[in-house]
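Counting begins at 1 with the first residue of the sequence.
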Amino acid sequence: YPQDIERTVFEADKRIRAHGVSAFAVTHQHEEALIIVAEVQPNLTQQDYDTLIDHIEHEVHHHLQLIIHNLVLVPPKTIQKTTSGKIQRN
């Protein structure tokens with residue numbers, strides 16, 4: 001379930017914003033590929049981004065046995081949400 005992946009990503013590092021992770025699948029070369037978009041705290045260095053990516057990939061694989069095809073780290077308040085604060089999935 002996407003919510004399990006999103007929770008794993010959020011819990012992986014304190015620099016990931018609460019309720020700021022979206023996980024979904026796309027078809028890539030006739031196979032399903034996992035895409036994750038995560039909002040991160042502002043003012044991170046390139047080294048912070050590299051460390052976060054490695055850590056998130058490790059945690060998702062360790063806890064869920066999934067491989068991330070693409071992981072995108074974005075500024076806060078980038079992911080659209082519904083009026084109730086849930087991630088828009090359409």
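Sequence neighbours left out, not one pair with a member in residues 28-37 passes salt bridge (charged side-chain N to carboxylate O under 4.0 Å, His left out). Applying the ring pair (Phe, Tyr, Trp, His ring centres under 6.0 Å) definition to pairs two or more places apart or across chains, those involving residues 35-65 are H58-H62. Counting only residues at least two apart or in different chains, salt bridge (charged side-chain N to carboxylate O under 4.0 Å, His left out) contacts with residues 53-72 are absent. The salt bridge (charged side-chain N to carboxylate O under 4.0 Å, His left out) contacts involving residues 64-83 comprise E39-K81, where partners must be two or more places apart or lie in separate chains.
Within the 4.5 Å cutoff, no side-chain heavy atoms of P42 are placed close to those of P75.
At a threshold of 4.5 Å between side-chain heavy atoms, the hydrophobic network of Ile, Leu, Val, Met, Phe, Trp and Tyr places L71 and V37 in two separate groups. Under the 4.5 Å side-chain contact rule for hydrophobic residues, I79 and V9 do not share a cluster. If you chain together hydrophobic residues whose side chains sit under 4.5 Å apart, I35 and F10 never meet in one group. Under a hydrophobic clustering in which Ile, Leu, Val, Met, Phe, Trp and Tyr are joined whenever their side-chain heavy atoms come within less than 4.5 Å, directly or via other members, V40 and I53 fall into the same cluster.
Checking side-chain atoms of T51 against main-chain N and O of Q47 turns up a donor-acceptor pair under 3.5 Å.
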What pairs of donor and acceptor atoms, side-chain ones from residues 15-29 against any protein atom, are under 3.5 angstrom apart with sequence neighbours left out?
residue	atom	partner	partner atom	Å
R15	NE	D13	OD1	2.9
R15	NH1	D48	OD1	3.3
R15	NH2	D13	OD2	3.0

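Partners of L66 under the side chain to side chain contact (heavy atoms under 4.5 Å, CB included) rule, at least two apart in sequence or in another chain, are I5, L34, V60, L64. When the side chain to side chain contact (heavy atoms under 4.5 Å, CB included) test is applied to Q80, the partners found at least two apart in sequence or on another chain are Q88. Every residue was checked against the side chain to side chain contact (heavy atoms under 4.5 Å, CB included) condition with T83, not counting sequence neighbours, and none meets it.
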